[in-house]
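Since the model is a prediction, treat every value here as computed from it, not as a measurement. So you know, we letter chains A, B, ... as the sequences are listed, proteins then strands, and number each from 1.
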6 protein chains.
Amino acid sequence: MTHRPISRYPVPSLEDLPEDLRARILAVQEKVGFVPNVFLVLAHRPAEARAFFDYHDALMEKEGGITKAEREMIVVATSSANQCHYCVIAHGAILRIRAKNPQIADQIAVNYRKADITARQRAMLDFAMKVSTEANRISESDFATVAGHGFTDDDIWDIAAIAAFFALSNRMANVTGMRPNDEFYMMGRLPK
Amino acid sequence: MTHRPISRYPVPSLEDLPEDLRARILAVQEKVGFVPNVFLVLAHRPAEARAFFDYHDALMEKEGGITKAEREMIVVATSSANQCHYCVIAHGAILRIRAKNPQIADQIAVNYRKADITARQRAMLDFAMKVSTEANRISESDFATVAGHGFTDDDIWDIAAIAAFFALSNRMANVTGMRPNDEFYMMGRLPK
Amino acid sequence: MTHRPISRYPVPSLEDLPEDLRARILAVQEKVGFVPNVFLVLAHRPAEARAFFDYHDALMEKEGGITKAEREMIVVATSSANQCHYCVIAHGAILRIRAKNPQIADQIAVNYRKADITARQRAMLDFAMKVSTEANRISESDFATVAGHGFTDDDIWDIAAIAAFFALSNRMANVTGMRPNDEFYMMGRLPK
Amino acid sequence: MTHRPISRYPVPSLEDLPEDLRARILAVQEKVGFVPNVFLVLAHRPAEARAFFDYHDALMEKEGGITKAEREMIVVATSSANQCHYCVIAHGAILRIRAKNPQIADQIAVNYRKADITARQRAMLDFAMKVSTEANRISESDFATVAGHGFTDDDIWDIAAIAAFFALSNRMANVTGMRPNDEFYMMGRLPK
Amino acid sequence: MTHRPISRYPVPSLEDLPEDLRARILAVQEKVGFVPNVFLVLAHRPAEARAFFDYHDALMEKEGGITKAEREMIVVATSSANQCHYCVIAHGAILRIRAKNPQIADQIAVNYRKADITARQRAMLDFAMKVSTEANRISESDFATVAGHGFTDDDIWDIAAIAAFFALSNRMANVTGMRPNDEFYMMGRLPK
Amino acid sequence: MTHRPISRYPVPSLEDLPEDLRARILAVQEKVGFVPNVFLVLAHRPAEARAFFDYHDALMEKEGGITKAEREMIVVATSSANQCHYCVIAHGAILRIRAKNPQIADQIAVNYRKADITARQRAMLDFAMKVSTEANRISESDFATVAGHGFTDDDIWDIAAIAAFFALSNRMANVTGMRPNDEFYMMGRLPK
């Protein structure tokens, strides 16, 4: 058994990072208790990393017509289709915590069509998956279907943008061989 | 959120089952601590259920060139490709226990190509996945590749037969909407 | 031109088989006039072979809402999609005989959507093919569609289980290179 | 059971055809003993029909580095991948006759990779199938592979052109619902 | 950068061609101002070339329920799906000229679903694309959908036949590495 | 014919934008001569737009082992596979200008395997396409292949990151129905 490194590319140490990235990462560490590997792996390229985390936070750190837990559902469903270790395992943990549900991430990762979710969440994930796998075929009838579940046009932008952003993220994680932190596997599985 | 039943088909109670099936199930319950739902769901058809469990045990309950943990790796990898809730979650639990490794099942379920496994296990899973997804293209060169990792012809039959048996199992679980027991989600995740 | 053996694995002689398997095979030989190769090829593993034939008979040797000929239609359609020599050619012969129709097997093997079948049989095959190729997407609307043609829930289990069983069977036949007996090619093609 | 007509489009009677097409068809009838349906179905459009049969004869009615039987193998393999009733069943009959082999057409239709053919024929069919299913990826290395089995550049044009012509033919047969004549099912199955 | 020849096969000079083919090609040259490479590339095989151009002209050089510009739309959409250099670039030029629209060819080549076309043209291209990519699944409901936009049965034959003919053409162009003439890139892009 | 708007979402006017975005867009307008629609379409969401353009510039506005023209080749090849109107047509224009080659964009958009590019560029595009379409299967052997053409590990990150970024971009453009400016169609097609 090989225990892979967290990236096939060099990983900078915190002290070697530009000040703003180091501060950003220390703030996450303070909050989460450890530094999620995605920060260190992508910090190999500081300019890209800044844009990546800005984009991520603009999409994931807000509420609105879609809850934070539901945003993570989109991440887990589309990242599973893209077979991305880091995103399924790390965001699966966040989903369990945000949804306060220890089973939901595994269910969605395996087959979201069979998961214990509402019809509205199912419609949200159907739209997200179509953006992820065949955006070239998205049409007004897809918008109408998802809007029929009460999503506004801006909610639908959110759904699409999260699926699109993780299309990027999954590819970078697969190319770098980004390894999820050990901590993620158990997070949110036991009652607090 | 809907909490789905364990099957979309009627599920017999233990007392209504033929004596042999009841005894078989009680023995499993004795050993595992609960009755895995697959037994109750498939017992809707006793004759098929007997054959199913006989087949399963002939393939999974033996050692040989392939360990019991490795057999479960084949189940998890191919069942994930088939998006089967029951098989990924239940056999993921068994894999964690048999491999004494709390991460291995999630890694293989998401992308076995990135999992912490040996080159030999990788070759085993490549062969199993080809049987699962395009057996019509299996050729002598596939046999030669896997044999090059030290598997005998009979080991290769085992690999193929497990992939083939779970091709059946995954389809029945998806059609019946077979629900994994809650117990499976946490099994093998914490040190004993 | 190479004339392939009936299996890439060793094939036991009848006298070397366990008594119950030998008796089972002799009974088939008595009825059919020859020993279909599937019996000898799979008898390489007696425990698996017993389960295989028990499962097969539980699904194929009964009538009900689906005739025996229709059961064979499911076998031929799904085995053709899986490009399985043995199952298309041997079960094509059985289908011709059971349906008393010398053309039906070839038509279904090439493209069941264009075959001379009823709308009800077409719906049955559509459901079976979905189980065979994307069971992960089977939903209640698929059940409703096929039920709309008069199939009961238990008929639908039969359809699904036959498709699932031959998912296993096709994979084992492709892996072993199972060769159909010469007799099958002409069976049922000429009026008695 | 519905017995479909030979085309979903109007079929001209022989007397209504332009003289040259009628003469061509009568010559075929004289030789084969009946009028293959493809002539009547496509004669709905005389100008296209003339070009179709000219093209067909230029490719199929010659020998060279590829025998007439081998040309029919290409037709059966690619037409099976395109699920074309008429072409698999009619050209399967011609293949049996030209190869003097009652099993070869069924074997190639189900899975040419498992058929009783030579390595050279296998390479020919691999090339033809790539032209049929992903010609956009044909490269010099594909040419080199097939040339390695003794095919000249002009033989390879023949292989490609037959696969390409039946890409057209299969589509027209599927669109028109072209029905094979009953006679084809048995042709070449019994020794003369 | 390699500047590829117009064909990987020998290309005949005009003087070496049979008289009828030479006359045909000179007539095209007279009209267009240059000899489109397809004529020279396919003239390597005169008998096939004659049938090819006869077929082409029977489908493309007529009006009817479908305009000549719309016929070229079918060519560009299906040839793009088949990734055929010659057909997309050469027929893209003809489409720009016939539609008097400098943008339409690029739009259809990239994604016809997003192009500036009418609903009727969209239905025409949906049908053509289904013939091109999965003619085995064409059914009466596809005919009904396209007929609902005012196409007659004979218009639909035209749509299907053009898609089918370019299935052949795209494959031959990809196999021969047929190079579009430089002239095609700019044709129809500037107002006359 | 419908002439579609540049986005199915509201498009802000320049004066309504935050100062930094307005300045950024005016700078582009100054340089290019018009405002490319992507700026206005994505400015509907300023925070996401800032991250998007930062990311874009970090990847596209640098030289290194890969020229700016080669970076655009990656955009055109992967965006064509994703059938993205805006990206193929707008970046096709930029590619023509940067490569000083009026044919290269159309060639790569249709089939990069047949384009007039070097073997090194072909290897670059093969790697980029694998990231775009099946990043889950990227392995060390893919890295070795592309490195064999002289690309450093950091060049390969560039290739992967451009493919990944346009995986996002193509999805957003397809979802918003982003329309390319009319100016792009002719840019770079005529000698200066």
Side-chain angles (χ1 to χ4, degrees), chain A residues 7-10 42 44-59 61-62 78-85 127-128 130-140 142-143 153-154 156-177, chain F residues 7-10 42 44-59 61-62 78-85 127-128 130-140 142-143 153-154 156-177:
Chain A
S7 175
R8 83 174 297 287
Y9 278 89
L42 295 186
H44 175 60
R45 292 279 187 98
E48 297 163 38
R50 281 182 199 105
F52 182 93
F53 295 113
D54 286 351
Y55 217 137
H56 176 275
D57 293 355
L59 293 170
E61 298 301 328
K62 72 179 192 193
T78 59
S79 299
S80 178
N82 287 328
Q83 297 197 292
C84 177
H85 263 203
F127 190 88
K130 189 160 184 177
V131 173
S132 184
T133 60
E134 42 174 7
N136 57 320
R137 290 175 184 265
I138 287 278
S139 69
E140 284 304 312
D142 297 305
F143 277 92
D153 261 10
D154 269 293
I156 301 173
W157 178 297
D158 279 358
I159 297 169
I162 294 169
F165 178 76
F166 281 88
L168 179 164
S169 178
N170 296 164
R171 281 162 179 77
M172 288 309 295
N174 263 315
V175 168
T176 58
Chain F
S7 174
R8 81 173 301 285
Y9 278 89
L42 295 187
H44 176 60
R45 292 280 186 97
E48 296 163 39
R50 281 182 199 103
F52 182 93
F53 295 113
D54 287 352
Y55 218 137
H56 176 276
D57 293 353
L59 292 169
E61 299 299 329
K62 72 177 190 195
T78 60
S79 299
S80 179
N82 286 329
Q83 298 197 291
C84 178
H85 263 202
F127 190 88
K130 189 160 184 178
V131 173
S132 184
T133 61
E134 43 175 5
N136 57 320
R137 290 174 184 267
I138 287 278
S139 70
E140 284 305 311
D142 298 306
F143 278 91
D153 262 11
D154 269 291
I156 302 174
W157 177 298
D158 278 359
I159 297 169
I162 294 168
F165 178 77
F166 281 88
L168 180 164
S169 179
N170 295 165
R171 282 161 178 78
M172 287 310 294
N174 263 316
V175 168
T176 57

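Looking at A:His44, only its side chain comes within 4.5 Å of chain F, counting heavy atoms on both sides. Contact annotation for A:Glu134: neither backbone nor side-chain heavy atoms come within less than 4.5 Å of a heavy atom of chain F. For F:Phe143, the part lying near chain A is the side chain, with the backbone staying farther off; criterion is any non-hydrogen pair under 4.5 Å.
Expressed to the nearest 0.5 Å, how far CZ of F:Arg8 lies from CG of A:Asp153 amounts to 4.5 Å. Going from atom CG of A:Asn136 over to atom CG of F:Asn174 covers 6.0 Å, rounded to the nearest 0.5 Å.
Annotation: side chain of F:Glu48 is not in contact with side chain of A:Phe165 (no heavy-atom distance under 4.5 Å). For the pair A:Phe166 and F:Leu168, the minimum side-chain heavy-atom distance is 4.5 Å or more. A:Ile156 is listed as a side-chain neighbour of F:Tyr9, based on a closest heavy-atom distance under 4.5 Å. For the pair A:Trp157 and F:Thr176, the minimum side-chain heavy-atom distance is below 4.5 Å.
Here the shortest heavy-atom pairing between F:Ala161 and A:Met172 reads CA-SD, 3.7 Å. Nearest heavy-atom pair across F:Arg45 and A:Asp154 is NH2-O, 2.9 Å.
Note on F:Val131, F:Asp142, F:Asn170: by heavy-atom pairs under 4.5 Å with chain A, the leading option is F:Val131. Heavy-atom pairs under 4.5 Å with chain A were tallied for F:Pro10, F:Ala135, F:Ala58; the largest tally goes to F:Ala135.
The closest donor-acceptor contact from the side chain of A:Arg171 to the backbone of F:Ser132 lies under 3.5 Å. A distance-only check finds no donor-acceptor pair linking the side chain of A:Tyr55 to the backbone of F:Ala49 [under 3.5 Å].
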